[in-house]
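Before any comments, here is the structure.
Quick caveat: nothing in here was measured; it's all calculated off a predicted structure. Convention: sequence-line order gives letters A, B, ...; per-chain numbering from 1. Values below: every heavy atom of this structure, side chains too, minus hydrogens, waters and symmetry copies.
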Amino acid sequence: MPELPEVETTRRGLAPHLEGHTVCSATVRQRRLRWPVEPDFERRIAGARILKLERRAKYLLVHTDRGCAIWHLGMSGSLRLVEPGAEVRKHDHVDWVLDSGLCLRFHDPRRFGALLWTDSDPAAHDLLAHLGPEPLSEEFCGDYLFRVSRGRRQAVKTLIMDGRVVVGVGNIYASESLFLAGIRPDRAAGTISRARYGRLTDAIKQVLARSIEQGGTTLRDFIGGDGKPGYFAQQLNVYGRTGERCRQCGGPVRDMVLGQRSTFFCRRCQR
DNA sequence: CCCGATTCCTGTAGGC
DNA sequence: TGCCTACAGGAATCGG
């Protein structure tokens, strides 16, 4: 599914084809996404000139001279440029026809994605206004996590997956980061030392940066037809490896449920 | 305020 | 082989 690295990869891939171009027209085939696409979205975007593509958390912001479109890919969404006249497949919910002749197409089987419009600063939009810092920013550091975790009894894994604390840390990266930092996912956030939060923020930055370098390869990118995960899965230390041997100590990888999310860890390497 | 549970949706995996 | 069910997950929102 699109994690932060994949959204960033999407942004980098689309930017040269979108920035400076005009949206001639838009077609919305399915309005019922995570939130309904507003009725006059097509009218608002038609004729708009795209100024810049920006990523904030897992949102892709398309700044235009008329306002800003806010995309979210949910967990099964993708944005691709297709040739005009390309066959429309099931779950192809939105098209933007560009003045270049290319078409920006949104495909999203599970419809957890969203397409919103705002006439004002998107940072002030309800969905963005209360988000925590970007994980790759300097603001996100051990001191910060230490400070915001004081007095909290919730598990550290659910803390780092809380978008008000830090954005873009999905379920896979949360387990992987905690493994790299040697911290048990269910440790109460408020009892973890400043030094260990330093190691955790380093681990989060490392795992996200490495994934961006790989073009955001995720679990759902397959090699061959056997359903086996792709490149990135080969680098996973614990995610989805229940019962297999820990790469570090050889012990069995364990799983548990935290905040209704499957969670993977090694009892010996994480405390 | 804090935090766990519920909700949206459909493709896929696992059980029988 | 095929049907049926459980499950996965981002993140807002509800409920205690």
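Residues A/Arg34 and A/Gln154 each lie close to DNA chain B; by heavy-atom proximity, the contact nearer the 5' end of the strand is made by A/Gln154.
Closest to the side chain of A/Arg110, out of C/dA12, B/dG11, B/dC3, is B/dG11. Closest to the side chain of A/Gln260, out of C/dA12, B/dC9, B/dG4, is B/dG4. Of the candidate nucleotides B/dC9, C/dA8, B/dG4, B/dG4 has the atom nearest to the side chain of A/Thr158. In the set B/dC9, B/dC3, C/dA12, B/dC9 carries the atom at the smallest distance from any side-chain atom of A/Arg32.
The CD-P distance, from A/Glu3 to C/dA11, rounds to 9 Å in whole Å. As a whole-Å value, the separation of A/His93 NE2 from B/dC8 C1' is 13 Å. With rounding to whole Å, A/Leu128 atom CG is found 13 Å from C/dA12 atom C1'. A/Leu33 places its CG atom 11 Å from the C1' atom of B/dC8, with the value rounded to the nearest Å. Distance CE (A/Met161) to C1' (B/dG4): 14 Å, rounded to an integer number of Å. Atom CZ of A/Phe264 and atom C1' of C/dA8 are 10 Å apart (whole Å). Atom C1' of nucleotide B/dC1 and atom NE2 of A/His130 are separated by 15 Å, given to the nearest angstrom. We find that CG of A/Asp162 is positioned 10 Å from C1' of C/dA11, with the value rounded to whole Å.
Among the atoms of the strands shown, only primed sugar atoms or phosphate atoms (P, OP1, OP2) are found under 4.0 Å from some heavy atom of A/Leu127. Heavy atoms of A/Arg153 sit under 4.0 angstrom from primed sugar atoms or phosphate atoms, though from no base atom. Within 4.0 Å of A/Arg164, counting heavy atoms only, lies no atom of the nucleic acid at all.
For A/Arg111, no side-chain nitrogen or oxygen approaches OP1 or OP2 of B/dC8 to under 4.0 Å. For the pair A/Arg261 and C/dA8, the criterion of a side-chain N or O lying under 4.0 Å from OP1 or OP2 is not met. Using a 4.0 Å cut-off, no side-chain N or O of A/His91 falls inside it from OP1 or OP2 of B/dC9.
Within the 4.5 Å cutoff, the side chain of A/Leu33 has no heavy atoms near those of the A/Arg110 side chain. Here the side chains of A/Pro84 and A/Val97 are not in contact, with every heavy-atom distance at 4.5 Å or above. Considering only heavy atoms from C-beta on, A/Arg105 stays 4.5 Å or farther from A/Leu79 through its side chain.
Separating the CZ atom in A/Arg66 from the CG atom in A/Leu51 is a distance of 11.5 Å, to the nearest 0.5 Å.
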Problem - CA sep, side-chain torsions, deciding dist, call: A/Trp71, A/Tyr59, ring pair (Phe, Tyr, Trp, His ring centres under 6.0 Å) - result: CA-CA 6 Å; A/Trp71 286 105; A/Tyr59 294 95; over 10 Å; no
